[in-house]
Amino acid sequence: MKVTVVGAGAVGASCAEYIAIKNFASEVVLVDIKEGYAEGKAMDLMQTASLNGFDTKITGTTGDYVKTAHSDIAVITSGIPRKPGMTREELIGINAGIVKDVSSNLIKYSPNVTIIVVSNPMDTMTYLVHKTTGLPKNKIIGMGGALDSARFKYRLAEALGAPISDVDGMVIGGHSDTGMLPLTRLATRNSVPVSKFLSEERLEQVKEDTKVGGATLTKLLGTSAWYAPGAAVSGLVQAIACDQKKMFPCSTLLDGEYGLKDICIGAPVILGNDGIEEIVEIELTDAEKNKLQESAAGVRKTNGLLEV
Ligand SMILES: NC(=O)c1ccc[n+]([C@@H]2O[C@H](COP(=O)([O-])OP(=O)(O)OC[C@H]3O[C@@H](n4cnc5c(N)ncnc54)[C@H](O)[C@@H]3O)[C@@H](O)[C@H]2O)c1
Ligand SMILES: O=C(O)C[C@H](O)C(=O)O
């Protein structure tokens with residue numbers, strides 16, 4: 001199993017590290033445009049192999065896509081991150097060109113690759129990859145919901161005073177400060193609805209804290225987060241590589257599901273060897289349906305800025 005990670009910055013390197021530590025891939029290739037950067041990150045990571053006990057071979061290249069040939073999975077993290085006070089949508093001007101260029105280079109050498117899009121604004125970048133590559137829709141996956149759901153579980157566990165392993169929950173919708181839809185109604189503490197333990201006001205707070213999870217970290221760090229994003233990407237890569245049939249909310253091209261068409265937005269999917277093997281339609285309340293429509297309107301507005 002060969003995995004390419006484009007962008008050897010904070011998220012790309014973190015994701016490569018988690019993939020290696022999980023020890024399921026034979027090879028990870030890091031690609032960056034900054035001279036020597038990917039090579040340096042790869043060497044540093046390889047020097048953790050004997051310490052962390054993995055056999056995955058990590059190499060780096062400055063823009064030589066020949067070295068990515070025959071990748072099974074490619075992750076696109078190249079592009080700029082936001083600074084405090086910015087929205088993800090403001091990154092579109094620079095990141096759209098980078099994502100378009102990178103995805104066409106990847107496909108040239110790995111025509112059967114499955115692409116995981118991370119660069120922001122992620123739902124729109126995922127849509128861009130659909131519009132410009134011609135890859136089948138099951139092979140284009142946007143990572144956002146897996147991260148947002150991890151943050152939701154963190155906030156729920158905090159509110160409940162419970163271990164995170166006791167908590168389950170999912171965030172669907174657009175990966176944006178206003179468009180995320182944390183499904184509090186379906187969240188559970190060891191199978192018991194969380195509403196049994198938390199007031200409506202507290203749940204509302206959990207929801208709001210989850211939606212601005214990325215912005216909160218960006219304010220603290222001066223740039224956006226990387227550990228949880230890297231771990232979330234590695235979870236998707238592993239589910240595909242190991243044919244796990246795991247369910248994650250991912251940005252996927254909808255064709256009528258949830259009443260939406262011609263848009264990439266977060267919905268629960270099953271991931272296996274074929275990438276997105278199924279889009280799972282869960283029953284939503286009218287209020288949740290309305291929120292999802294609002295979220296989709298926001299994503300469509302950003303998609304409208306694309307020159308495709
Ligand atoms: N979807 C998500 O949940 C999620 C989570 C975290 C970050 N992000 C996004 O991921 C992107 C990367 O974030 P980061 O913190 O790793 O940024 P970073 O600046 O640390 O790393 C980005 C890297 O991309 C490289 N790069 C730029 N153009 C390139 C090109 N054409 N080819 C190859 N490499 C190129 C840069 O040299 C840099 O090393 C940002 O757009 C950020 O908003 C998304
Ligand atoms: O918040 C960001 O800009 C990065 C990423 O989308 C995140 O949610 O951490």
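All residue numbers in this chain count up from 1 along the given sequence. Order of listing sets the numbers, starting from 1, for every ligand and every atom in it.
- Of the charged side-chain nitrogens involved, at least one lies within less than 4.0 Å of a carboxylate oxygen, so that Lys131 and Asp262 count as a salt-bridged pair.
- Under the 4.0 angstrom criterion for non-hydrogen atoms, Trp226 is not in contact with ligand 1.
- With Gly230, Gly79, Gly7 as candidates, the residue nearest to atom 22 (C) of ligand 1 on a non-hydrogen basis is Gly79.
- Numbered from 1 in the order shown, with element, the atoms of ligand 1 that lie under 4.0 Å from a heavy atom of Leu91 read 43 (O).
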Under 3.5 Å donor-acceptor pairs involving side-chain atoms of residues 74-86, not counting sequence neighbours:
residue, atom, partner, partner atom, Å
Thr77, OG1, Val6, O, 2.8
Thr77, OG1, Gly7, O, 3.0
Arg82, NH1, Met86, O, 3.1
Arg82, NH1, Asp177, OD2, 3.1
Arg82, NH2, Asp177, OD1, 3.3

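- Remark: minimum distance from atom 38 (C) of ligand 1 to any protein heavy atom is reached at Asp32 OD2, 3.5 Å.
- The closest heavy-atom contact to atom 17 (O) of ligand 1, among the options Pro81, Gly142, Gly9, comes from Pro81.
- The closest approach between any non-hydrogen atom of Thr223 and ligand 1 is not below 4.0 Å.
- Among Arg151, Met143, Lys34, the residue whose heavy atom lies nearest to atom 1 (N) of ligand 1 is Met143.
- Residue Ile80 approaches ligand 1 through these ligand atoms, each under 4.0 Å from one of its heavy atoms: 40 (C), 41 (O), 43 (O).
- For Ser149 (side chain) and Val171 (main-chain N/O), a donor-acceptor pair under 3.5 Å exists by modelled atom type.
- Near Asn120, meaning under 4.0 Å from any of its heavy atoms, are these atoms of ligand 1: 4 (C), 8 (N), 9 (C), 41 (O), 42 (C), 43 (O), 44 (C).
- Residue Asp101 does not touch ligand 1, judged by heavy-atom distances below 4.0 Å.
- Residues His70 and Tyr109 fail the side-chain proximity criterion, which asks for heavy atoms closer than 4.5 Å.
- Contacts of Ile33 with ligand 1, taken as heavy-atom pairs under 4.0 Å, involve both backbone and side chain.
- If you number the atoms of ligand 1 from 1 as listed, the ones under 4.0 Å from a heavy atom of Val6 come out as 33 (C).
- Under 4.0 angstrom from ligand 1, the non-hydrogen atoms of Ala225 all belong to its backbone.
- Looking at Asp44 and Lys41, no side-chain N of the basic residue comes within less than 4.0 Å of a carboxylate O on the acidic one, giving no salt bridge.
- Of the candidates Ala228, Ala10, Gly214, Ala10 brings a heavy atom nearest to atom 20 (O) of ligand 1.
- Heavy-atom proximity to Tyr37, at under 4.0 Å, picks out these atoms of ligand 1: 39 (O).
- Taking the charged nitrogens against the carboxylate oxygens, Lys291 and Glu288 have no contact shorter than 4.0 Å, which rules out a salt bridge.
- More than 12 non-hydrogen atoms from other residues, nucleotides or ligands lie less than 6.0 angstrom from NZ of Lys22.
- For the salt bridge (Lys or Arg N to Asp or Glu O under 4.0 Å) test with Glu277, the passing option among Lys139, Lys137, Lys245 is Lys245; the others fail.
- Listed by number with element, the atoms of ligand 1 under 4.0 Å from a non-hydrogen atom of Ile98 are 28 (N), 29 (C), 30 (C), 31 (N).
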Do any nitrogen or oxygen atoms of ligand 2 lie under 3.5 Å from a protein nitrogen or oxygen, and which ones?
residue, atom, partner, partner atom, Å
ligand 2, 1 (O), Arg82, NE, 3.2
ligand 2, 1 (O), Arg82, NH2, 2.8
ligand 2, 1 (O), Arg88, NH2, 3.4
ligand 2, 3 (O), Arg82, NE, 2.6
ligand 2, 6 (O), Arg88, NE, 2.8
ligand 2, 6 (O), Asn120, ND2, 2.9
ligand 2, 6 (O), His175, NE2, 2.6
ligand 2, 8 (O), Arg88, NH2, 2.8
ligand 2, 8 (O), Arg151, NH1, 2.8
ligand 2, 8 (O), His175, NE2, 3.3
ligand 2, 9 (O), Arg151, NH1, 3.3
ligand 2, 9 (O), Arg151, NH2, 2.8

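- Contact annotation for Pro229 and ligand 1: only side-chain heavy atoms (C-beta onward) come within less than 4.0 Å of the ligand.
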